[in-house]
Structure formats: structure tokens, C-alpha cells
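Working notes, beginning with the structure itself.
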Amino acid sequence: MQRTPRGNRLHIALFGRRNVGKSSLLNALTRQDVSIVSAIAGTTTDPVEKPMELLPLGPVLFIDTAGIDDTGALGELRAAKARAVLDRTDLAVLVSRQGDWSDFEERLLEELGSRQIPVIVVSNQSDLGIAPPALRQRLQAAGVPFVETTATSGAGLLDLREALIRAAPADLLDPPSIAGDLVPPGELAVLVVPIDMEAPKGRLILPQVQTIRDLLDSDACCLVVKERELRAALARLTGPPALVVTDSQAFLKVAADTPPEVKLTSFSILFARHKGDLVELVRGALAIDRLRPGDRVLICEACTHHPIGDDIGRVKIPRWLRQYVGGDLDFQHYQGHDFPSDLTGVHLVVHCGGCVQNRREMLSRILRCRTAGIPITNYGLTIAYSLGIFERALSPFPSALDLYRRHLTAEKGLRNRDVQPAS
Ligand SMILES: Nc1nc2c(ncn2[C@@H]2O[C@H](COP(=O)(O)OP(=O)(O)OP(=O)(O)O)[C@@H](O)[C@H]2O)c(=O)[nH]1
Ligand code: SF4
Ligand SMILES: [Mg+2]
């Protein structure tokens, strides 16, 4: 693992109409020929991604998109793909040509505002003409940074870089920690990593590597074992570990082998907090109780690995959920950046840990579900809930645990009311 994963990079996307110079700007910013440039409108079709270091921000991912004004059947598809990039945009660059402002720019600016995505407006091709002063004044009054550039000569590029750095949202640059805050400096976390058919050859998977790095960054110690060796490893320690983290698939065995007073959770639950909103995803897991045979469940996996053997998303989670519900369910699978814009008819969304996604994309999905009134949860939470070890799996997270306990109390109250004899 030599490069910062994409999911940990600030995503900066360039939007605008065709031929305004988006790709030329990307090439100028990265000083490389990343995206094809031509005088023909509609040159960029699919989003083009380029990871780079933008100091002092650090690792970023630039995304060049197709013109948002593209027309015709194919053009509309390209524009829709460009709009889907909004879901993972941390910082937007809205490019216009010499400040030529139309409904497209206005609507895009509105949408970025409603999604609370910071934006910089660029008037490119300033060698051919300057932007109308009225536009500059209007944007300034609205607090939107405005920069004039000439992508072909590099004029204004420094201003644009500085504007990017100033506009970068601080909370996204500094997301909640993975596990470092759960283990005091010098204390020990035990990580349980099954090496089975699904484990990639010769390496650990990203959530495991990132958890190890996060613990080291917080001056904690960590011990990595397979589930078979856990009991013996714990017995050799002179004191209990501060935390045990397991792959969710080994939850039952690890829960049985870990003393009850030791806090236990899974990688996927750590990532529910790190990439998304743990309390919201815990609330989503409680909806598993309301599932009925025949209900539709979306299973979303942020990476596009080829499923093998008893794949967790294709085989294991469907099996555990069917057993819990006591009947068949209608499962639909989504991978990568695909996520339905219309959630009608969906009863539950179950998402993976999202380690390759940026936090903005996961939060966009959570927001979309919340707006549609559809519960969303994640793999680790679903497994812990359907296996009956939810409380244990939430032991390191007081606010999530509190939500669950209040839910149990409310349920108990309802049941008691139901059995009260009529007076
Ligand atoms: N004079 C001048 N020409 C520019 C400038 N920036 C880009 N161009 C030219 O404008 C044309 C379109 O540039 P692109 O970078 O392909 O524009 P785009 O917005 O990516 O276009 P699509 O991918 O079709 O949406 C090319 O011929 C560029 O050489 C600039 O600052 N000044
Ligand atoms: S399935 Fe999700 S959590 Fe697992 S490796 Fe892929 S992106 Fe990361
Ligand atoms: Mg282009």
C-alpha cells in the first residue's frame, strides 16, 4: 500500500457546460495530460479521476466530468453520470467561459448550495474576454469565491489553488478516528483477521490496514491474530486488551472467546462511524425487526471485487437475514458508485463499511435514505443484530448503545401494554 487510498482523499470535482475548459483546467492543475482536451463539445464522456498531492491540503482526488448541458439520449446519460459525481464531491469547481452565466450554472450553484458542498466559480478563457463585473459582485455578495483563469497559459492557476485550499471543508479533512480514540496510548487492541478463501493473496484488506495505521497514529499497540488463535493469544496477555476488533464474519466465535468485560466490535462497525454516521446506521439495523418475507433489501458494496465462494454480500448476509425473518427476501445488489436515485419499494439498505469511499459519498447515501424514509444500516451491524450480539458489538460506543437500550425499553413497554388485561 504505497498511496493514500481514494476514500481518504478530498474529492474536488470540476463541473460546467461543454467546452468551457474543464479538462484543460484539470491538466493545468495537475501539470499532466490527464484528460483529453479538444475544441469539440462533449469530449469528456465518463468522469476522469486523478489522485495527487495538493499541498498543504495533502492527498486529493480531482474529478473531471462531462458537460452538464450535454443533449440527446447519450448526452443526457453522460450528464447524469456527471451529476452523480455530486454525491462524492467534497469541493466543487464550477467552470464557466468568460463568466457566461446561464440557467445551467444557476441550477448547479443552487444544487451545490442545497447539498452544502463548498464551491469556487471559475471564469476560464479569460484571455478571450473578462467576466461581467455584475456576476463577480453577485457571487462575492453571496460569499462564493470567484477566480478568473486561462487554462492554456496557466494564468490565474495560483489563485485557483489558493481558493481550493481556503474552501476545503475542515471536518472532511479530519473525519472521526477509526479506533485510535477507543484505545488509550500504550494500551492494546487485538485485531481478529480470518484468512479464508475470500482473503486476498499475500496482503490484508484495506479496513484492516487502515485500522492498524490509525491505532499506531494514536500511540496504541495492536496484536493481529486469526480467530483460531484468539483464545490462546488472550491467555498469554498479562492484562485484558482495551478493545477486540473482529471481521464481522467471525463475530460469534470471537464473542465466545473474548471475556465479556472486554469491549468488542467489528471492522465494519468501526467504519460505520469513520465513514458515515454510526447512530443513524444503528437506527437502521433496528428496522430488521420490521422486515417481512418478500420485502426488498438493497445490498451496496463500495468496491467492485469479483464475488467468490461464500461472499459476504451475496451469500452470507442474505442467508442470515432470511433466517432471521423466517422467509425469502428480494435482494438487489449495487456496486461501486452505483446507488439508486429512486428508493421506492425498498424496505432496507445494507451497506458495506465503505472503506474505499470518501465520507461525503457515504453521508450522501445516508441522507438520501433518510429523506426517502428508508432505513440504512451496514454489514457489521446487520450481522451483529441478526446473530443476537448487537449490544456486545456496540459496547465501545456509548451513544449508539444508549439508542439501542432506549429502543429495547420502549419495545418492552409496548409488549407490557399489549398483555395488560382489559379493565
Ligand atoms: N483560448 C483559450 N482556450 C481554452 C482555454 N481553456 C481551454 N481552451 C480550449 O477550449 C476547448 C475546450 O477545452 P476542454 O478542456 O476540452 O473543455 P471541456 O470543458 O473539458 O469540454 P467537454 O469535455 O467537451 O465538456 C479546447 O480547444 C481548449 O484548447 C483558455 O483558457 N483559453
Ligand atoms: S466491501 Fe466495502 S468495506 Fe469491504 S473492502 Fe470493499 S469497500 Fe471496503
Ligand atoms: Mg472535458
Side-chain angles (χ1 to χ4, degrees), residues 5-8 14-29 33-48 62-71 75 78-79 81-82 93-98 100 104 122-130 147-157 160 178 198-200 203-211 247-249 266-272 274-276 299-307 311-314 316-317 333-337 350-358 361-362 378-380:
R6 278 173 196 238
N8 287 35
L14 295 121
F15 299 101
R17 277 183 281 161
R18 285 168 295 169
N19 246 356
V20 294
K22 300 179 296 298
S23 303
S24 305
L25 269 179
L26 173 74
N27 293 349
L29 279 165
D33 283 340
V34 174
S35 213
I36 301 171
V37 165
S38 93
I40 302 164
T43 302
T44 308
T45 51
D46 284 327
V48 174
F62 278 109
I63 311 173
D64 181 21
T65 62
I68 217 99
D69 61 336
D70 214 341
T71 50
R78 288 198 282 263
K81 274 204 155 179
V93 179
L94 202 175
V95 187
S96 66
R97 183 166 33 197
Q98 301 149 49
D100 181 11
F104 284 108
V122 170
S123 169
N124 189 40
Q125 305 198 6
S126 62
D127 54 323
L128 301 178
I130 56 160
V147 181
E148 295 203 69
T149 60
T150 301
T152 40
S153 72
L157 261 291
L160 177 54
I178 302 175
E198 285 174 57
R203 65 176 174 90
L204 298 178
I205 59 171
L206 194 54
Q208 297 158 353
V209 174
Q210 291 189 327
T211 306
D247 184 292
S248 307
Q249 302 180 57
S266 75
F267 289 101
S268 168
I269 296 176
L270 290 178
F271 273 74
H274 176 60
K275 291 286 180 183
I299 307 252
C300 302
E301 220 151 70
C303 65
T304 49
H305 72 263
H306 187 68
D311 184 77
I312 181 158
R314 307 250 161 196
K316 288 184 182 160
I317 289 187
H333 297 267
Y334 286 83
Q335 282 197 302
H337 297 306
V350 183
H351 206 289
C352 76
C355 71
V356 300
Q357 278 176 311
N358 70 345
E361 186 168 21
M362 190 64 208
N378 96 340
Y379 278 17

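Read the numbers this way: they start at 1 and go in the same order the structure lists the ligands and their atoms.
- Using a distance-only test at 3.5 Å, with no hydrogens or angles considered, no donor-acceptor pair links the side chain of Thr149 to the main chain of Ala151.
- Atom 21 (O) of ligand 1 has as its closest protein heavy atom Asn19 N, 2.9 Å.
- A pairwise comparison of heavy atoms in Thr65 and Lys22 identifies O-CE, 3.2 Å as the closest pair.
- Interface of Ala41 with ligand 1, defined as ligand atoms under 4.0 Å from a residue heavy atom, comprises 24 (O).
- Remark: ligand 2 atoms within the under-4.0 Å shell around heavy atoms of Gly354 are 2 (Fe), 3 (S).
- The atoms of ligand 1 that sit less than 4.0 Å from any heavy atom of Arg18 are 25 (O).
- In this structure, the side chain of Asp64 does not engage the main chain of Leu14 through any donor-acceptor pair within 3.5 Å.
- Residue contacts with ligand 1, taken as heavy atom pairs separated by less than 4.0 Å, involve Ser38 solely via the backbone atoms N, CA, C and O.
- Looking at Asn19, its side chain does come within 3.5 Å of a backbone N or O of Ala39 through a donor-acceptor pair.
- Contact record, Cys355 with Phe271: CB-CE2, 3.7 Å, taken as the closest heavy-atom pair.
- Listed by number with element, the atoms of ligand 1 under 4.0 angstrom from any heavy atom of Leu128 are 1 (N).
- Protein heavy atom at the shortest distance from atom 31 (O) of ligand 1 is Ala151 N, 2.9 Å.
- Formation of a donor-acceptor pair under 3.5 Å by the Gln210 side chain with backbone atoms of Pro207 is not found in this model.
- At least one N or O atom of Ser23 sits closer than 3.5 Å to an N or O atom of ligand 1.
- Residue Gly42 has at least one nitrogen or oxygen atom sitting less than 3.5 Å from a nitrogen or oxygen atom of ligand 1, judged on distance alone.
- Checking Lys22, Gln125, Gln98, Arg97 against atom 18 (P) of ligand 1, the nearest heavy atom belongs to Lys22.
- Residue Val356 places a heavy atom less than 4.0 Å from ligand 2.
- Of all atoms in ligand 2, listed by their number and element, those nearer than 4.0 Å to a heavy atom of Ala302 are 7 (S).
- Using a distance-only test at 3.5 Å, with no hydrogens or angles considered, a donor-acceptor pair links the side chain of Arg17 to the main chain of Asp100.
- Here atom 30 (C) of ligand 1 lies nearest to Thr152 when heavy atoms of Thr152, Leu14, Leu26 are compared.
- Ranking the protein heavy atoms by distance from atom 7 (C) of ligand 1 puts Ser24 OG, 3.2 Å first.
- Without hydrogens or angle criteria, Asn27 side chain to Asp33 main chain gives no donor-acceptor distance under 3.5 Å.
- Residue-ligand proximity, Ile40 to ligand 1, at heavy-atom distances under 4.0 Å covers atoms 24 (O).
- For Ala82 against Ile68, the heavy-atom pair with the smallest separation is CB-CD1, 4.0 Å.
- With hydrogens and angles ignored, the 3.5 Å screen pairs no side-chain donor or acceptor of Ser123 with any backbone N or O of Arg97.
- From the protein, the heavy atom lying nearest to atom 6 (N) of ligand 1 is Asn124 ND2, 3.1 Å.
- Close approach of ligand 1 to Asp127 is summarised as follows: ligand atoms under 4.0 Å from at least one heavy atom of the residue are 1 (N), 2 (C), 30 (C), 31 (O), 32 (N).
- One of the N, O or S atoms belonging to Cys355 lies under 2.8 Å away from atom 8 (Fe) of ligand 2.
- The shortest N or O to N or O distance between Ala66 and ligand 1 is not under 3.5 Å.
- For Ser126, the side chain to side chain contact (heavy atoms under 4.5 Å, CB included) partners are Glu148, Thr150, not counting sequence neighbours.
- Nearest protein neighbour of atom 29 (O) of ligand 1, counting heavy atoms only, is Val37 CG1, 3.8 Å.
- Of the protein's non-hydrogen atoms, Gly21 N, 3.1 Å is the one closest to atom 17 (O) of ligand 1.
- Counted within 6.0 Å of CD1 on Ile40, heavy atoms from surrounding residues, nucleotides or ligands total 12 or fewer; the atom is thus considered open.
- Open room surrounds NZ on Lys81; 12 or fewer heavy atoms of other groups in view lie less than 6.0 Å from it.
- Residue contacts to atom 2 (Fe) of ligand 2: Cys352 brings an N, O or S atom closer than 2.8 Å.
- Residue Ala39 touches ligand 1 through backbone and side chain together, judged by heavy-atom distances below 4.0 Å.
- In this structure a side-chain-to-backbone donor-acceptor pair under 3.5 Å is present from Asn124 to Val20.
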